[in-house]
Number of protein chains: 2
Amino acid sequence: MSQDTVQMVAEAPAFRPLSDFAGTLSQRVYASLKEAILDLSLRPGAILRKGDVCEALGVSRSPVSEAVARLASEALVDIVPQAGTFVARLSLDEVREGAFLREALELAAVEEVARAITEEQLVELRRNLRLQEGLVADGDIRGFYAADAGFHELLLSFTGHRRLPGLSRTAWVHVDRARRLLLPEPGRVEETLAEHRAILAALEARDPEAARAATRAHLRQVVTRLERLGTERPELFA
Amino acid sequence: MSQDTVQMVAEAPAFRPLSDFAGTLSQRVYASLKEAILDLSLRPGAILRKGDVCEALGVSRSPVSEAVARLASEALVDIVPQAGTFVARLSLDEVREGAFLREALELAAVEEVARAITEEQLVELRRNLRLQEGLVADGDIRGFYAADAGFHELLLSFTGHRRLPGLSRTAWVHVDRARRLLLPEPGRVEETLAEHRAILAALEARDPEAARAATRAHLRQVVTRLERLGTERPELFA
DNA sequence: ATCTTGCGACATGCTAGCATGTTAGCTAGA
DNA sequence: TCTAGCTAACATGCTAGCATGTCGCAAGAT
């Protein structure tokens, strides 16, 4: 019961306007809410009143309800029937599960891709990698993260499976949210770049096992640092 | 309204009553619809009118709408806005993707489990395997499939990840639906049983690579037969 | 002072009806 | 006879209001 009581004032939602997104109202509400949750601008553990969301976004309750249901299926919110909806707390268990899922998917992908990658696909990866190098040189960290995501999305799309990239992103959601807590470490982007180069090298060699090893090493970096954070500051996680 | 003709009766959805399920109305509608889709009692490609579902199940349109939205997220139905909702056609691409996903998850799981499986967990697996043997001996194929599913669910649960079994089941959905088209092959259940024994043996030996190999061989059986069916009778798939 | 108990407020889930965009069928013209 | 355009029915998406179950607070009893 010793919950936070002081921060009632800091409950300013500040959602991105719906006009920034496309699709049906439900999808737009979903996108806006999800972004707010991943941003941590909706604090973990905070109550999420559907009525407030309706008023803030200027829509009725059906689209909000559907959007919240989708978020619940990703464990980003907890719905307690007839009681309330709460933003999911940060949880090391969820981080571990998300990391496990993404690692499983991505290892299977690179293993398959390494066996039959085409020259055109390698060209795409090399181009993305050069883009990353440029962004690092310019110090554009935000752009680098976007290119990073693009690199992984390219890899997954090479399997030919349409829904795989989206599933991987969904799996990674809890890791990504917790990552906001990590302070930027000097030299980390250069390490990331080197890890991407190692993955590309394994794919150029068409060596499935090397590709798996490089991808695994790459993906475990973030989780390792989050585990360390969990032991150093356990109060951050539920 | 006009009376149902004889041919209309063939289109009778025949949903399982909602009282057979638990949870909110949305969840029950979802379960009932999903079962009908997997049963193929809702024909692939058929139009799925929400109004009809409402009337058949005796509920309003909101829970139906939410249930259908969930089905759409699993690609079991296609929603065309302001036009109609259709039961997804059988698709070899979806079968391949579902098989890929489940294989990725389950290989990662057994690899991890093999490293640190406890004696109690092995006991659970052995007990399940003996159950399978008994059901095969009794010729209870339906019961055997249930025990089969339980075997895999046990394996996945040993990772400690809560949502993993459900995700694997979701991934497998398209394979499972297409499997209804396969004629039962004599001796297949005994082969399945042998494959399960091989997985268990690898786990008892705490050999991650052997566990991966055995699991992979097991999971690819169904897909191989479905691929064959796809070349022999391409008209069955979209 | 503490524990219990009852009442009030409230958040979600559901129902019913309106707005919007699509599709199919029919009609008129070439 | 075939095509093009129009109209009418219709399916979904959204809005607004009712039913149901939960949680919190306060007053009273021990």
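Below, read A as the first sequence line, B as the second, and so on, with proteins coming before strands; counting in each chain starts at 1.
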Only counting residues at least two apart or in another chain, list the ones meeting side chain to side chain contact (heavy atoms under 4.5 Å, CB included) with A:Ala69.
B:Glu66

Quick one, give me the B/S/- string for nucleotides 10-19 of chain D, reading 5' to 3', where B means a protein heavy atom under 4.0 Å from the base and S means that only happens at the primed atoms, P, OP1 or OP2.
-SBBSBB---

Pair listing, side chain to side chain donor-acceptor pair (under 3.5 Å) test, anchored in residues 78-89 of chain B, at least two apart:
none

With sequence neighbours excluded, tell me which residues meet side chain to side chain contact (heavy atoms under 4.5 Å, CB included) with B:Val223.
B:Ala99, B:Glu227

Using the side chain to side chain contact (heavy atoms under 4.5 Å, CB included) criterion, which residues pair with B:Ala146? Sequence neighbours excluded.
none

Atom CD of A:Glu55 and atom C1' of C:dA11: how far apart are they, to the nearest Å?
15 Å

In chain order, what residues pass the side chain to side chain contact (heavy atoms under 4.5 Å, CB included) check against B:Thr170, with sequence neighbours excluded?
B:Glu74

